[in-house]
Amino acid sequence: MMAAAGDVLRQSLPDVGAAELHVLAVDDSHVDRKVIERLLKISSCKVTVVESGTRALQYLGLDGDKSSIGFDSVKVNLIMTDYSMPGMTGYELLKKIKESSVFREIPVVVMSSENILTRIDSCLEEGAEEFLLKPVKLSDVKRLTNFIMRGEGKKGEKKCQKRSRSDDCSSPSLSTAFSSVAHSCDLSSLSPSALSSKKSRLCAEI
């Protein structure tokens, strides 16, 4: 285990290239770990898989155990974690990472088989790069890895993407769209007689 860890550390020190994008995948399901590992390797990523949030913190050196192997200098470019895990949820792991001065800028993607809006919102508000519904597809992985390679050092763009949940930061937000619709339907500028006429026609149609 010590030798393998040292190998990972040495391999991750050079500048990151397209074939050296290092992803830490966290999932308590053996099957899901194998699936995400395969998808990432097809996408030419280097993958480290662990089975729990606690193991992920140990790998990153964030478990607070000074006697454990230190991985502060390990270059991880993306962390993908399942949401529902025993012991420590993906949301709790996300918070720990974002509280870290060393790893808080690393994009974190949360995955779940349950489409629960409050869960999605809480993760995005806490700083998750994206929330993916399982089963994760190859197109999801390729889109994420391409984004990470393009977005190295572009922190502003990452924040914009998290807010809009879209790859295109220039796209209008949902609230802006609703505002535009509301503006086009604004009846306040109509004269009293015109407003009365509109109401009469609506009542007649009903």
Side-chain angles (χ1 to χ4, degrees), residues 1-62 69-85 88 90-91 93-94 96-98 100 102-113 123-124 127-155 157-159 161-162 165-168:
M1 181 67 181
M2 293 281 287
D7 289 341
V8 170
L9 179 58
R10 285 192 295 273
Q11 292 169 11
S12 60
L13 289 178
D15 291 337
V16 177
E20 295 179 312
L21 192 67
H22 187 189
V23 182
L24 174 62
V26 190
D27 204 309
D28 63 305
S29 165
H30 176 75
V31 173
D32 286 348
R33 285 200 304 275
K34 288 297 182 184
V35 169
I36 195 66
E37 181 178 15
R38 179 173 174 78
L39 293 177
L40 287 164
K41 285 184 175 179
I42 289 174
S43 302
S44 300
C45 294
K46 181 166 59 179
V47 191
T48 298
V49 291
V50 294
E51 71 278 7
S52 69
T54 301
R55 291 291 293 162
L57 292 181
Q58 289 174 350
Y59 179 80
L60 296 171
L62 295 176
I69 302 171
F71 284 96
D72 289 346
S73 58
V74 166
K75 179 68 174 178
V76 175
N77 307 97
L78 175 66
I79 298 171
M80 300 182 70
T81 178
D82 184 33
Y83 183 95
S84 299
M85 297 185 292
M88 177 181 290
Y91 176 72
L93 174 60
L94 168 67
K96 291 284 188 183
I97 292 169
K98 293 306 175 182
S100 163
V102 177
F103 297 105
R104 63 187 175 195
E105 295 298 338
I106 295 177
V108 179
V109 173
V110 182
M111 307 171 288
S112 177
S113 57
C123 288
L124 292 174
E129 195 70 36
E130 194 158 343
F131 195 105
L132 295 178
L133 290 177
K134 291 182 176 180
V136 176
K137 301 182 290 295
L138 181 59
S139 58
D140 293 326
V141 172
K142 284 188 175 295
R143 177 170 53 81
L144 286 170
T145 53
N146 287 339
F147 172 77
I148 299 305
M149 293 308 298
R150 289 197 314 269
E152 282 291 323
K154 298 179 181 179
K155 304 297 189 256
E157 290 183 14
K158 289 182 181 181
K159 289 178 182 176
Q161 190 220 21
K162 280 183 278 190
R165 300 189 211 174
S166 167
D167 288 333
D168 182 5

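Counting only heavy atoms from C-beta outward, the side chains of Gln58 and Val50 never approach each other to under 4.5 Å. Counting heavy atoms from C-beta on, the side chains of Val76 and Thr48 never come closer than 4.5 Å. Leu60 has its side chain within reach of Ile79: a pair of non-hydrogen atoms, C-beta onward, lies under 4.5 Å apart. Residues Leu144 and Met80 have side chains in contact (heavy-atom distance under 4.5 Å, counting atoms from C-beta outward).
Legend: residues meeting salt bridge (Lys or Arg N to Asp or Glu O under 4.0 Å) with Lys96, ordered by chain and number and at least two apart, are absent. Partners of Lys142 by salt bridge (Lys or Arg N to Asp or Glu O under 4.0 Å), not counting sequence neighbours: none found. Every residue meeting the side-chain contact (heavy atoms from CB on, under 4.5 Å) condition with Ser112, not counting sequence neighbours, appears here in chain and number order: Tyr83, Glu114, Arg119, Phe131.
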Starting from the C-alpha separation in whole Å, work towards a yes-or-no answer on side chain to side chain contact (heavy atoms under 4.5 Å, CB included) for Asp32 and Asp82.
-> CA-CA 9 Å; Asp32 286 348; Asp82 184 33; 5.6 Å; no
Stepwise, does the side chain to side chain contact (heavy atoms under 4.5 Å, CB included) test hold for Leu21 with Leu78?
-> CA-CA 8 Å; Leu21 192 67; Leu78 175 66; 5.7 Å; no
Thr81 and Ile97: CA distance, side-chain angles, deciding distance, side chain to side chain contact (heavy atoms under 4.5 Å, CB included) verdict = CA-CA 11 Å; Thr81 178; Ile97 292 169; over 6 Å; no
Residue pair Lys134, Val35: steps toward the side chain to side chain contact (heavy atoms under 4.5 Å, CB included) verdict | CA-CA 11 Å; Lys134 291 182 176 180; Val35 169; over 6 Å; no
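In this structure, the side chain of Ser43 does not engage the main chain of Cys45 through any donor-acceptor pair within 3.5 Å. Judged by distance alone, with hydrogens and angles left aside, the side-chain atoms of Lys98 form a donor-acceptor pair with the main-chain N or O of Arg104 at under 3.5 Å. The backbone N or O of Lys137 lies less than 3.5 Å from a partner atom in the side chain of Asp140, making a donor-acceptor pair.
The CZ atom of Phe147 sits 9.0 Å away from atom CD of Glu130, with the distance rounded to the nearest 0.5 Å. Considering CG of Leu138 and CZ of Arg38, their distance stands at 10.0 Å, rounded to 0.5 Å. Distance check, rounded to the nearest 0.5 Å: OG1 of Thr145 to CD1 of Ile42 gives 11.5 Å. With values rounded to the nearest 0.5 angstrom, Ser52 atom OG is found 8.0 Å from Met88 atom CE. The NE2 atom of His30 sits 11.5 Å away from the CD atom of Glu51 when rounded to the nearest 0.5 Å.
Scanning both residues, Gly53 and Val26, for their nearest heavy atoms gives N-CG1, 3.9 Å. Between Asp27 and Met111 the shortest heavy-atom distance is OD2-CE, 4.4 Å. Of all heavy-atom pairs spanning Lys75 and His22, the tightest one is O-ND1, 3.0 Å. In terms of heavy-atom proximity, Pro107 sits nearest to Glu129 at CB-OE1, 3.7 Å. Between Asp28 and Ser84, the shortest heavy-atom distance links the atoms OD1-O, 3.4 Å. In terms of heavy-atom proximity, Gly127 sits nearest to Leu94 at C-CD1, 4.3 Å.
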